[in-house]
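Remember, predicted model here, so these are calculated numbers, not experimental data. Order of appearance sets the numbers: ligands from 1, and atoms from 1 within every ligand.
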Amino acid sequence: MVDSHGRTIRDLRISITDRCNFRCVYCMEPDVRFAAHEALLTVDEIVRAAAIAESLGVRKVRLTGGEPTLHPHLSDIIAGLAVATKVEIALITNASLLSRESLRAWKDAGLARLTISIDSLRPDRFARMTRSSSSPAQVLKGVQLSLDEGLTPVKLNAVLIRGFNDDEAVALAVLARNFGVEMRFIEYMPLDSAHAWDSSKWVSAAETRAAIERVFPLIACGDDDPSSTARTFRFADLDGDSPARVGFIAPVSNPFCGACSRLRITADGKVRPCLFSTTEWDLRSPLRAGATDTELADFLIDATWTKQPGHGITSPDFVQPERPMSAIGG
Ligand code: SAM
Ligand code: SF4
């Protein structure tokens, strides 16, 4: 699948639920409304959409949400994808519900790797940011369990918000060293359900990197896939083959739209060619109306063709999409 700007789609992100047990301040307001259950794609619909996308060149599927581990049939989704496709299956989670048993079941079903979000190591602040009863200790336990179960490479994600956790860049970077994983800092994007994003709360990747480098000098890895969202660095004081890395995802200060290889499907079956699309393509209707695989493939090809050249966050006419991140799938 190629869009009208010559970009090839290789990565599909499927939100399998818009529900979440957290209400992160930069993502979901406490009173956010969820889609009706019957509006959400079923396990079979998710698997079929992914298989058709694979026939069009998709090589990776990341399951997201909302919180995908809340889905009662997550193992079936993973197993269905593993049977129907050869795509790499990844999952992103807030890690509040991970257990050795669930991780093992997902791995046995075909899950390849995990990304875990952690924004603060301070319990009080973690609670304020996520508006949940979980804790950093719980998340870190999930990181260790994921490593133990071989769901590697495990990656960690953090969003720094000024006035909340912008003083934790170094402490979070230390996680990369302690666990031997990649810790990625994502710039806060205007995708919060409160529509409260403003540049005064935003922390640039450059500022985060400078804070880390004051303690741990970094060296660019220089081997990033051009379509990857992250620019990765290793620690100058560690061996070159250490898996500890820091990554910066800078959609606001350094957009990577020109090399974007992603397509998204929301939990209610809308195709979004861009995270910031204001137009959606309703895949659920043809899926439920008996469309053939060829018709669905044509639908995905047509939707992809409309992928916008960039998100334009910093342009004066930028319009924040109606859907927050939790309803799109990050
Ligand atoms: N609930 C899971 C989690 O938090 O990992 C998966 C879904 S969440 C929407 C996926 C990723 O999007 C998380 O790493 C989260 O930090 C990020 N995210 C959510 N809202 C964001 C925003 N406004 N700007 C930047 N990243 C955001
Ligand atoms: Fe839930 Fe993830 Fe959004 Fe936090 S970032 S509210 S964990 S979907």
Side-chain angles (χ1 to χ4, degrees), residues 11 13-35 61-71 74 90-98 113-120 126-136 138-139 142-143 146 154-162 164-166 168 172 182-199 201-205 208 229-230 247-253 255-256 262 264-267 272 275-276 311 313 318 320-330:
D11 303 316
R13 298 201 177 172
I14 307 180
S15 172
I16 60 172
T17 177
D18 58 348
R19 271 93 175 145
C20 191
N21 54 344
F22 284 15
R23 293 288 184 276
C24 298
V25 290
Y26 52 75
C27 181
M28 211 192 261
E29 281 307 285
D31 61 351
V32 69
R33 301 280 293 273
F34 298 120
V61 169
R62 183 198 268 187
L63 301 176
T64 177
E67 177 46 41
T69 63
L70 288 178
H71 197 293
L74 176 54
L91 178 77
I92 177 163
T93 173
N94 63 28
S96 58
L97 300 170
L98 303 184
R113 60 188 182 83
L114 218 70
T115 298
I116 291 178
S117 302
I118 176 152
D119 299 318
S120 176
F126 183 96
R128 255 201 329 279
M129 281 197 80
T130 62
R131 298 183 283 209
S132 77
S133 57
S134 189
S135 66
Q138 178 70 22
V139 177
V143 174
S146 306
V154 173
K155 293 185 181 172
L156 307 183
N157 277 359
V159 179
L160 298 186
I161 312 278
R162 196 168 313 283
F164 270 97
N165 60 344
D166 51 321
E168 286 195 71
L172 289 163
E182 182 177 323
M183 176 77 232
R184 309 189 309 175
F185 294 91
I186 311 176
E187 285 178 346
Y188 176 30
M189 293 181 275
L191 286 171
D192 51 322
S193 74
H195 287 228
W197 185 93
D198 77 64
S199 54
K201 298 189 189 114
W202 171 78
V203 181
S204 71
T208 307
T229 50
F248 299 99
I249 302 180
V252 181
S253 64
F256 33 79
R262 286 166 285 282
R264 291 181 157 79
I265 301 180
T266 66
R272 294 179 61 88
L275 196 48
F276 290 88
H311 54 54
I313 294 175
F318 171 74
Q320 177 168 345
E322 271 307 303
R323 276 182 195 264
M325 188 68 138
S326 59
I328 297 172

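Counting atoms of ligand 1 from 1 in the listed order, those under 4.0 Å from a heavy atom of Gly66 are 1 (N), 2 (C), 6 (C), 7 (C). Counting the atoms of ligand 1 from 1 in the order shown, those under 4.0 Å from a heavy atom of Asn94 are 2 (C), 3 (C), 5 (O). Under a 4.0 Å criterion applied to the non-hydrogen atoms of Gly65, ligand 1 contributes the atoms 7 (C), 9 (C). Close approach to Thr64 involves these atoms of ligand 1, each under 4.0 Å from a residue heavy atom: 6 (C), 7 (C). Each of the atoms 14 (O) of ligand 1 lies under 4.0 Å from some heavy atom of Asn157.
Among all non-hydrogen protein atoms, the one lying nearest atom 24 (N) of ligand 1 is Met189 N, 2.9 Å. For atom 13 (C) of ligand 1, the nearest non-hydrogen atom of the protein is Ser117 OG, 3.3 Å. Scanning the protein heavy atoms around atom 26 (N) of ligand 1, the nearest turns out to be Val159 CG2, 3.6 Å. Atom 8 (S) of ligand 2 has as its closest protein heavy atom Gly66 O, 3.6 Å. Atom 11 (C) of ligand 1 has its closest protein heavy atom at Ile92 CD1, 3.9 Å. Nearest protein heavy-atom contact of atom 12 (O) of ligand 1 is Met325 CE, 3.6 Å.
Residue Asp119 has no N or O atom closer than 3.5 Å to an N or O atom of ligand 1. Considering backbone and side-chain N/O atoms, Ile186 never comes within less than 3.5 Å of an N/O atom of ligand 1. No N or O atom of Tyr188 sits closer than 3.5 Å to an N or O atom of ligand 1.
Here the side chain of Asp192 pairs a donor or acceptor atom with the backbone of Trp197 at under 3.5 angstrom. For Gln320 (side chain) and Pro190 (main-chain N/O), a donor-acceptor pair under 3.5 Å exists by modelled atom type. A donor-acceptor pair under 3.5 Å is absent between the side-chain atoms of Asp18 and the main chain of Phe34, judged by distance alone. A donor-acceptor pair under 3.5 Å is formed between the side chain of Arg162 and the backbone N or O of Trp202. Within the 3.5 Å criterion, the main-chain N or O of Tyr188 finds no donor-acceptor partner in the side chain of Lys201. Between the side chain of Arg19 and the backbone N or O of Ala35 there is at least one donor-acceptor pair closer than 3.5 Å.
Residue contacts with ligand 1: Met28 is excluded, as none of its non-hydrogen atoms falls under 4.0 Å. Ligand 1 has no atom lying under 4.0 Å from any heavy atom of Cys24.
The closest side-chain donor-acceptor pair between Asn94 and Ser134, if any, does not fall under 3.5 angstrom. No hydrogens or angles considered: nothing links the side chains of Glu29 and Ser193 as a donor-acceptor pair under 3.5 Å. Glu187 and Ser204 form no side-chain donor-acceptor contact under 3.5 Å, judged by distance and modelled atom types alone.
Atom CD1 of residue Ile16 and atom CG of residue Leu70 lie 9.0 Å apart, to the nearest 0.5 angstrom. Annotation: the span from Leu114 atom CG to Arg62 atom CZ amounts to 10.0 Å, rounded to 0.5 Å. Separating the OG1 atom in Thr229 from the CZ atom in Arg184 is a distance of 5.0 Å, to the nearest 0.5 Å. Taking CE from Met325 and CE from Met28, the interatomic distance works out to 11.5 Å, rounded to the nearest 0.5 Å.
In terms of heavy-atom proximity, Phe126 sits nearest to Ser120 at CD1-O, 3.4 Å.
Around atom 4 (Fe) of ligand 2, the protein contributes the following N, O or S atoms at distances under 2.8 Å: Cys24 SG.
In the candidate list Trp202, Tyr26, Trp197, Phe22, Tyr26 is nearest to atom 21 (C) of ligand 1, counting heavy atoms. When Arg184, Glu187, Glu67 are checked for heavy-atom proximity to atom 2 (C) of ligand 1, Glu67 turns out nearest.
Put simply, the residue from Ile116, Val139, Val143 that forms a side chain to side chain contact (heavy atoms under 4.5 Å, CB included) with Leu98 is Ile116.
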